[in-house]
Structure formats: C-alpha cells, structure tokens
Amino acid sequence: MADTSSTPDTRTPAQIEADIKRRRETLAETLDEIGVRVHPKTIVGDAKAKVVSHVDNTLGRAYVGANRVVGEVKGQLVTEDGAPRLERIVPVALVVVGVVGLLAFGARRRRG
C-alpha cells in the first residue's frame, strides 16, 4: 500500500471508488470465510472427520496386523502347496476342544 502522505494520489474519483468497492468485496468474502470456519457445525464436522480418519487408520492397521497373523498361522498349518500339516493341526484342534470343554464345564458348574 502506498504512503499517501508523501505521494499525491493521481487516481480519478471513479478509480478510487472502484478500488474501495473491490476492497469491500474482498473484505466481505474474507469475513464470510471466517464465519464459516468458526461456525459450530463446521467445527463439529471437522472434528468428526478427524475422528473418522483416525478410526479408519487404526482399523486399517488392525486389519493388516490380523491379516499378517492369519497368514503366519496358515503358514504353520498348511504346506506351501496347500496340503494340511496334520502333525500341527491335530494338537491345535485338541487344545481348542479342551479349552472349550473346560469353559463349558465351568459354566455348567456355576449354574448348578
């Protein structure tokens, strides 16, 4: 912005009015934008978007981690050509059946 105290303004009154109008419009747009940014609905919407993004990111990492674990377990229970490794599957199945049986027995004892 020019220093008006030392330099005479050579603009015409129409140019000055046009400049004032343009600056008012710019100021109005800026105020409207500020109003939208600080509106409660905008703030809540931004907060929701951040939470959703964080949850999506967390779920994505959990999915990748679970997928990796499943792949590792599958690698332990199945050969590279897809055949089951019975020497590993049978003990795991027996442990699972035993744990389920103990849980069922404990639940039955608590009821009766």
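All values reported here derive from a predicted model rather than from experimental measurement.
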To the closest 0.5 Å, what do you measure between [atom1] ([X]) and [atom2] ([Y])?
X     : Y     : atom1 : atom2 : answer
Ile43 : Lys48 : CD1   : NZ    : 13.5 Å
Asp9  : Gln15 : CG    : CD    : 8.5 Å
Gln76 : Lys74 : CD    : NZ    : 13.5 Å

Ignoring hydrogens, what is the shortest heavy-atom contact between [X] and [Y]? Give both atom names and the distance.
X     : Y     : answer
Ile89 : Pro84 : CD1-CB, 3.6 Å
Arg88 : Val92 : O-CG2, 3.2 Å
Val36 : Thr42 : O-OG1, 2.7 Å

Could you tell me if the side chain of [Y] sits less than 4.5 Å from the side chain of [X], heavy atoms only?
X     : Y     : result
Ile20 : Glu17 : no
Thr58 : His54 : yes
Arg85 : Val78 : no

Show your reasoning for whether salt bridge (Lys or Arg N to Asp or Glu O under 4.0 Å) applies to Glu33 and Arg37. CA-CA 6 Å; Glu33 184 177 330; Arg37 286 184 184 181; 2.4 Å; yes
Residues forming a salt bridge (charged side-chain N to carboxylate O under 4.0 Å, His left out) with Arg22, sequence neighbours excluded: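 Partners of Arg22 by the salt bridge (charged side-chain N to carboxylate O under 4.0 Å, His left out) criterion, ordered by chain and then number, come out as Asp19.
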Taking only residues two or more places apart in sequence or in another chain, which ones pass side chain to side chain contact (heavy atoms under 4.5 Å, CB included) with Val73?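 Applying side chain to side chain contact (heavy atoms under 4.5 Å, CB included) to Val73 gives Val69, Leu77.
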Applying side chain to side chain contact (heavy atoms under 4.5 Å, CB included), can you list everything that pairs with Ala62, at least two apart in sequence or on another chain?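 Side chain to side chain contact (heavy atoms under 4.5 Å, CB included) list for Ala62, sorted by chain: empty.
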Cluster link Val95 to Leu103, ILVMFWY, side chain under 4.5 Å: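 In one cluster with Val95: Leu103, yes.
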